[in-house]
2 protein chains.
Amino acid sequence: MDSVKIEFNFDTVKIKVFNPLMKSSKQHYHHGNLTKSLLDSASQIIREEGVENLSMRKLADKVGVSRTAPYHHFKDKNALLCVLAEKGFHDQQKMLTSLIKQNLSAQDGFKQYVHLYLSYALEHSEIYDLMYGRAIWKAGYPSESLKEASKQTFKCWIDWVSKLQGQHILATNNTPLRIGQTTWASLHGLARLFIDGIYLDKTDLSQMSEQMIKNLCSHSSTRV
Amino acid sequence: MDSVKIEFNFDTVKIKVFNPLMKSSKQHYHHGNLTKSLLDSASQIIREEGVENLSMRKLADKVGVSRTAPYHHFKDKNALLCVLAEKGFHDQQKMLTSLIKQNLSAQDGFKQYVHLYLSYALEHSEIYDLMYGRAIWKAGYPSESLKEASKQTFKCWIDWVSKLQGQHILATNNTPLRIGQTTWASLHGLARLFIDGIYLDKTDLSQMSEQMIKNLCSHSSTRV
DNA sequence: TTACGATATGGACAGCGTCAAGATAGAATT
DNA sequence: AATTCTATCTTGACGCTGTCCATATCGTAA
């Protein structure tokens, strides 16, 4: 182990020296928990540098492992991105359900949801982009479990829309599905304009989201 | 010209044979109109294969020119994408102004606009993605003329929103800017969900856009 | 002890954007 | 008509990417 090794590879001679002063005296050939490390580091990279600056090689390097090691834990880059996106859905789901449990008034509940949805989207913009962007859904291919997670999140949203319609917060002139789709599209569009860098001045956001809430709610008898 | 040429390049010998049966007997060293050819071919590639499958090398190859030739016409890939996006804005602008000139009733005019906006977005989804996506605005950098084009398109939209507010088609509870921003965000969001592959079934689109129109218009006294 | 499966490695390949140096052609100038 | 200039096009090179392959090592089960 802690020794000088000499390998003969055809025409090259390599010498590996294991320095006993290195951080850990135990030199693990196996990383131990590479899957998790990869996901954590990948999250950090996309948070700090954007999703287009995440490369498998850079990631492997950051974790301190050879460039092909990640491929024993994820089929390919797309698979890794799918897992990140899936985690995003679970986080978002948790957020939503905890909000619903708070048992706010319907009015406040929806307002809070809009703000929470938008702040999640902007604060985790790179994850949001994976969850709802073309990188996976169009350029790549969503994993089955990702499809499942997104479907469940959507279903949960539609159920809630149905309740909000019952309380005359959202429009009642169509099915929960259609109202859910269009309402979500509106929020998504607002989020995307900021996430994609079309709008930069985030001081406008609060006014825009306030107005969006008015747009979405003012179909009901009780105006906001 | 129409001859066998022998070049001695250090250690390689290349023989170019100009076949007189080729389409054009004149063999141009200069392409002639490479800028336009590049833009046309690039449009075709992104239309057929998506924006992520456009590479400078593939493009050069398609046009029949060496891989670095395009760099004499566009500073870099970003610059080429900017020109494509800018053309998109001009097209869209033309579309909008021709619709306004038709002098439809305000109600019909807006409805038509929504349908036109969405059909443009979906039919030219890759160009739309360049115009309003992160590839240029976040991952890349918009050219000055692109910024100008987008600003002008937006200004034109806000002016029209103002008129629609005057005719009580759109909500009047905020400035044209805010109403314009949120209304646009809603349309944009709907477009993106289809463009990015989140929604695939386009038979739903017409119902969704109908409902979106209702959402956006029903603030006024005259319901749709 | 041995065999095996999970995990890690380096080599290799094809692709990418783009810089730098050199070649060529057509137009402008002498 | 000869020369110079400039726009255009070329090949070579560099460093980056995703990922396949054969190989090496480790922990564990037989």
Side-chain angles (χ1 to χ4, degrees), chain A residues 1-3 5-16 18 26-38 42 45 49-82 135-136 139-141, chain B residues 1-3 5-16 18 26-38 42 45 49-82 135-136 139-141:
Chain A
M1 274 291 182
D2 288 6
S3 62
K5 250 194 206 172
I6 305 185
E7 304 173 5
F8 292 94
N9 286 349
F10 303 107
D11 55 342
T12 66
V13 178
K14 294 190 182 178
I15 303 181
K16 290 184 183 173
F18 290 138
K26 280 194 210 166
Q27 288 294 334
H28 286 289
Y29 182 83
H30 288 81
H31 176 283
N33 203 347
L34 188 49
T35 307
K36 186 176 176 343
S37 293
L38 288 169
I45 290 176
E49 305 176 49
V51 96
E52 48 272 314
N53 289 308
L54 171 68
S55 80
M56 293 297 270
R57 295 170 101 111
K58 189 155 62 173
L59 175 59
D61 201 53
K62 187 185 175 84
V63 175
V65 93
S66 83
R67 51 195 154 44
T68 53
Y71 287 87
H72 293 273
H73 300 261
F74 300 96
K75 186 187 158 290
D76 52 22
K77 188 180 181 181
N78 181 80
L80 188 146
L81 296 181
C82 283
I136 290 176
Y141 43 94
Chain B
M1 276 292 179
D2 285 9
S3 62
K5 252 195 202 173
I6 304 184
E7 305 171 4
F8 292 94
N9 287 348
F10 303 106
D11 56 342
T12 66
V13 178
K14 294 189 181 177
I15 303 180
K16 290 185 183 174
F18 290 139
K26 280 194 210 168
Q27 287 296 333
H28 288 287
Y29 180 82
H30 289 80
H31 177 283
N33 204 346
L34 187 49
T35 306
K36 188 178 177 339
S37 292
L38 287 169
I45 290 175
E49 304 177 50
V51 96
E52 48 272 313
N53 289 308
L54 171 67
S55 81
M56 293 297 268
R57 295 172 101 111
K58 189 155 62 175
L59 175 59
D61 201 52
K62 187 186 175 82
V63 175
V65 92
S66 84
R67 51 199 152 50
T68 54
Y71 287 87
H72 293 270
H73 300 261
F74 300 96
K75 186 188 158 290
D76 53 22
K77 188 180 181 182
N78 180 79
L80 189 145
L81 297 181
C82 283
I136 289 176
Y141 42 94

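Every chain is numbered from 1, with letters handed out A, B, ... down the list of sequences.
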Does anything in residues 69-77 of chain B reach DNA chain C, meaning a heavy atom under 4.0 Å, and if so which residues? B/Tyr71, B/Asp76, B/Lys77
Taking only residues two or more places apart in sequence or in another chain, which ones pass side-chain contact (heavy atoms from CB on, under 4.5 Å) with A/Ala139? B/Glu52
B/Asn53: which residues meet the side chain to side chain donor-acceptor pair (under 3.5 Å) condition with it, sequence neighbours left out? none
Minimum heavy-atom distance between B/Leu38 and B/His73, given as atom pair plus value: CD1-CB, 4.3 Å
Could you give the distance from CG (A/Asp76) to CE (A/Met56), rounded to the nearest 0.5 Å? 7.5 Å
Over how many whole Å does the gap from B/Glu52 atom CD to C/dG17 atom P extend? 13 Å
Is the base of D/dG12 touched by the side chain of B/Arg67 through a donor-acceptor pair closer than 3.5 angstrom? yes
Specify the residues of residues 53-65 of chain A, ordered by number, for which at least one heavy atom lies under 4.0 angstrom from an atom of DNA chain D. A/Leu54, A/Ser55, A/Met56, A/Arg57
Of all the nucleotides listed (C/dA8, D/dT10, C/dG11), which has the minimum atom distance to the side chain of A/Ser66? C/dA8
For B/Ala135, the side-chain contact (heavy atoms from CB on, under 4.5 Å) test, sequence neighbours excluded, returns none
Could you pull out the closest heavy-atom pair between A/Leu34 and A/Ala69, with the gap in Å? CD2-CB, 4.1 Å
Whole-Å distance, B/Leu38 CG to D/dC9 C1', equals 12 Å
Here the pair of heavy atoms bringing A/Cys82 nearest to A/Tyr141 is SG-O, 3.6 Å
Of all pairs that satisfy side chain to side chain donor-acceptor pair (under 3.5 Å), the ones with a partner from residues 56-69 of chain B, not counting sequence neighbours: B/Glu49-B/Lys58
